[in-house]
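Comments concern the structure below.
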Amino acid sequence: MPAERPATRSHADADVAVVHAELHADEAADEAADLTNGDLARVFHEIGDILEVKGEIAFKTIAYHGAADTIGRSPIDLVAAYRAGDPPKVSGVGQAISDKITELVTTGRMLFLEQLRTEVPASLVDLLKIPGLGPKTVRQLHEELGIATMDDLKAAAEGQRIRDVRGLSERTEKLILEGITRLETQPPRRMYLHQAEEHIASLVELLGQVPGVDSIQPAGSYRRRKESIGDLDLLAETANPTALMNRFTDLGTVDHIVARGGHKSAIRMIRGPQVDLMVMPPGTAGTYLIHFTGSKEHNVKLRARARDRGWSLSEHGFLRIGEDGEPLTGADAELRTFATEADAYAFLELPFIEPELREDQGEIEAAQAGTLPPLITKADLRGDCHSHSDWSDGSQPIEVMAEAARRRGYAYQVLTDHSRSLAIANGLTPERVEEERAIIAALNKRFAAEEAAGTAPPETPLEGFRLLHGCELEVRADGELDYDDELLARFDVVVASVHVARRQPRAELTRRTMNAIRSPHVDIVAHPAGRMIQTRDDLDLDWEAVYAAAAANGTALEVNGSPHRLDLSAERARRAVSVGCILTIDSDAHHTRELDDTRWGVAQARRGWVTPADVLNTRSRADLLAWVAAKPDRIGA
DNA sequence: GCCGTTTTCGGCCCGACTGTTTTCAGTCG
């Protein structure tokens with residue numbers, strides 16, 4: 001299972017509490033309006049990091065990190081809830097942490113954190129980023145050599161002073177220097193899902209050829225389809241681990257070997273991710289897959305459940321626990337292994353839990369109660385509501401996009417070239433909209449004829465395939481829509497989105513988004529948060545108001561499948577559905593090879609507990625068009 | 001610091017690999 005967070009927050013993460021601490025108290029309260037769940041999570045991770053270096057008992061630091069993780073993933077805007085005086089119950093957040101949140105969101109400061117920072121400088125916490133350097137060693141270096149910064153550490157290593165510290169050696173000194181160099185030259189960056197997929201495909205291909213290897217399977221956060229991926233995890237079923245490990249650490253793409261053992265090795269790829277490879281004896285994959293797929297939090301709950309039933313769970317299987325509370329060993333040892341995950345879950349009296357759900361977000365409780373949702377699959381999609389051609393900023397002709405969609409077995413593809421004002425994307429004037437409509441009509445005439453003649457592609461569904469005429473309608477900076485009502489009424493489907501003036505205040509951005517949601521002509525709001533993963537932040541919206549308006553007006557919210565967007569996020573999709581919204585899952589393809597990006601959107605929707613009934617484009621073309629036609633009746637309902 | 005149809009106190013998941021050690025602590029996932 002890969003690390004779910006970096007060993008420590010970067011100092012450059014510029015968390016909010018620093019900023020606020022420097023403000024006057026009266027200004028701070030206003031400024032705190034910009035706080036997000038993510039900011040709270042960073043603050044509590046920082047507290048956990050500092051307490052580690054201070055040498056606080058492990059369970060306390062675990063508690064802070066655990067609370068930070070839960071807060072970061074919460075679908076509810078905790079800052080707003082706390083400020084409204086209505087703190088919701090959040091797992092892992094007890095009285096002490098709750099009080100600290102209240103203090104931060106109401107005053108903009110947290111005295112506890114400020115105190116900690118005076119005791120342990122951030123530069124010291126930074127040292128945890130060096131591979132192999134943990135809190136104990138960092139504290140030791142600080143106490144014995146007075147090292148407080150990365151520069152101090154580098155100087156000490158170069159001056160050969162590290163080797164004089166008890167428990168450290170000349171070799172450690174060398175490893176520290178290498179670690180610093182690597183940090184300076186290779187800033188850690190997470191992969192997009194499609195990049196992880198490419199790495200995994202080639203590794204599986206290469207390692208699968210090693211004699212004796214029965215299977216190679218990806219695990220970790222990639223298997224759970226997290227929206228970005230740090231390390232890669234591979235599991236191999238083989239009776240000959242040595243040959244496999246030799247091949248793995250000998251790959252031409254290996255930059256250096258991180259660790260090497262008989263059953264577990266790790267490499268760093270050249271200009272690429274760290275890859276962990278674990279060996280499992282043939283026929284025992286069940287508990288190995290569960291262990292290395294994670295998440296950590298999911299596994300912790302499973303182990304507690306095993307323990308309640310008298311078993312200790314590890315990747316190797318279940319070990320019977322003796323009267324002393326320890327697993328039985330030697331002749332008394334009793335190990336239960338399982339070939340499949342489903343069998344291992346069944347041993348814990350649980351149904352199989354899909355990897356995308358394993359985040360300890362209620363899935364174990366739902367499994368226990370028999371209420372796991374029937375998750376949507378890519379096969380449920382009967383069409384795609386968002387795509388582009390070279391008439392705006394796509395790279396291929398309308399016909400090529402349509403043919404590619406038709407061969408995917410869809411009943412419809414909605415062509416949604418950009419509207420007029422998005423000049424950078426060659427947005428269509430009303431005149432060009434008419435021309436495009438004529439081309440689409442001609443194409444559909446041909447498709448219908450081929451279907452009647454039985455010469456359509458074999459993938460064509462019974463209801464046939466049609467290219468629907470849509471647009472990606474710009475919501476302008478002033479909130480006005482980019483085409484007039486008369487033109488909008490003539491599209492089959494209208495997808496609206498915000499691309500410009502992204503830095504407006506929350507109230508203004510929310511008003512613009514609501515304007516689209518409430519239009520009788522707008523059917524879908526595309527990539528509602530406007531984010532780009534790792535590069536562009538979310539729009540600052542009043543999300544609860546957006547969900548409520550979308551639900552009330554029957555406007556769909558998109559889960560955009562582009563691996564750079566994945567927007568709505570899994571958490572938001574889950575929240576939106578829970579308050580009555582309907583979703584679409586679209587590719588936003590600008591090229592035929594991106595049409596299958598819907599699979600990433602489906603994966604995020606699955607992470608958000610979304611079922612086929614929650615998604616508009618699981619419906620037939622007739623039902624989709626009927627739903628669109630009924631939009632004016634839903635307004636103000 | 002959190003948490004509780006076995007507990008409001010006493011637990012809190014588990015093992016491999018590494019490095020510096022002579023039996024183990026630290027780190028990592």
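Please read all numbers here as calculations on a predicted model, not as lab measurements. In what follows, chains are A, B, ... by sequence order, proteins preceding strands, each numbered from 1.
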- [ ] Choose from dG1(B), dC14(B), dA16(B) the nucleotide whose nearest atom is closest to any side-chain atom of S312(A).
- [x] dC14(B)
Open item on the list: Among dC2(B), dC17(B), dG15(B), which nucleotide has an atom closest to any side-chain atom of E315(A)?
Closed with: dG15(B)
Task: Which residues share a side chain to side chain contact (heavy atoms under 4.5 Å, CB included) with K174(A), sequence neighbours left out - done: E178(A)
Pairs under 3.5 Å (N/O, protein and nucleotides 21-27 of chain B):
| residue | atom | partner | partner atom | Å |
| --- | --- | --- | --- | --- |
| dG26(B) | O3' | T137(A) | OG1 | 3.4 |
| dT27(B) | OP1 | G134(A) | N | 2.7 |
| dT27(B) | OP1 | G134(A) | O | 3.1 |
| dT27(B) | OP1 | T137(A) | N | 3.1 |
| dT27(B) | OP1 | T137(A) | OG1 | 2.5 |
| dT27(B) | OP2 | K136(A) | N | 3.4 |

Open item on the list: Could you tell me if N299(A) and E297(A) have a donor-acceptor pair between their side chains, going purely by distance under 3.5 Å?
Closed with: no
Open item on the list: Does either side chain, that of T287(A) or that of E315(A), offer a donor lying less than 3.5 Å from an acceptor on the other one?
Closed with: no
Atom pairs under 3.5 Å, N or O on each side, protein against nucleotides 3-9 of chain B: can you list them with distances?
| residue | atom | partner | partner atom | Å |
| --- | --- | --- | --- | --- |
| dC3(B) | OP1 | G92(A) | N | 2.6 |

Task: Phosphate contact (dA16(B) OP1 or OP2) by H316(A) side-chain N/O below 4.0 Å - done: yes
Task: Of the listed nucleotides dG1(B), dC14(B), dG15(B), the one nearest the side chain of R307(A) - done: dC14(B)
Open item on the list: Let me spell it out: for each of A63(A) and S314(A), pick the nucleotide of DNA chain B with the closest heavy atom. Which residue's pick is nearer the 5' end?
Closed with: A63(A)
Open item on the list: Can you confirm whether or not the ring centre of H45(A) sits under 6.0 Å from the ring centre of Y64(A)?
Closed with: no
Task: Selection residues 316-337 of chain A - residue pairs positive for ring pair (Phe, Tyr, Trp, His ring centres under 6.0 Å), sequence neighbours left out - done: Y288(A)-H316(A), F318(A)-F338(A), F318(A)-F347(A)
Open item on the list: My understanding is that only residues two or more places apart in sequence, or in another chain, count here; which of them pass side chain to side chain contact (heavy atoms under 4.5 Å, CB included) with I270(A)?
Closed with: D255(A)
Open item on the list: Rounded to whole Å, please give me the gap between CD1 in I62(A) and P in dG11(B).
Closed with: 16 Å
Open item on the list: When both hydrogen-bonding distances must be under 3.5 Å and the geometry is Watson-Crick or G-U wobble, what is dT8(B) paired with, if anything?
Closed with: none
- [ ] Go through the structure and list residues passing side chain to side chain contact (heavy atoms under 4.5 Å, CB included) with S265(A), not counting sequence neighbours.
- [x] M245(A), F248(A), T249(A), R260(A)
Task: Backbone of G272(A) reached by a side-chain donor or acceptor of R268(A) within 3.5 Å - done: yes
TODO: Could you check which of dC14(B), dT18(B), dC2(B) has an atom nearest any side-chain atom of I97(A)?
DONE: dC2(B)
- [ ] Measure from the side chain of T172(A), starting at C-beta and using heavy atoms only, and say which of dG15(B), dG19(B), dG1(B) lies closest.
- [x] dG19(B)
Task: Check: L566(A) main-chain N/O paired with R531(A) side-chain donor or acceptor under 3.5 Å - done: yes
Open item on the list: By the 4.0 Å heavy-atom rule, please label F59(A) as base, sugar-phosphate, or nothing.
Closed with: base
Task: Of V300(A) and K60(A), the one whose closest DNA chain B nucleotide lies more 5' - done: K60(A)
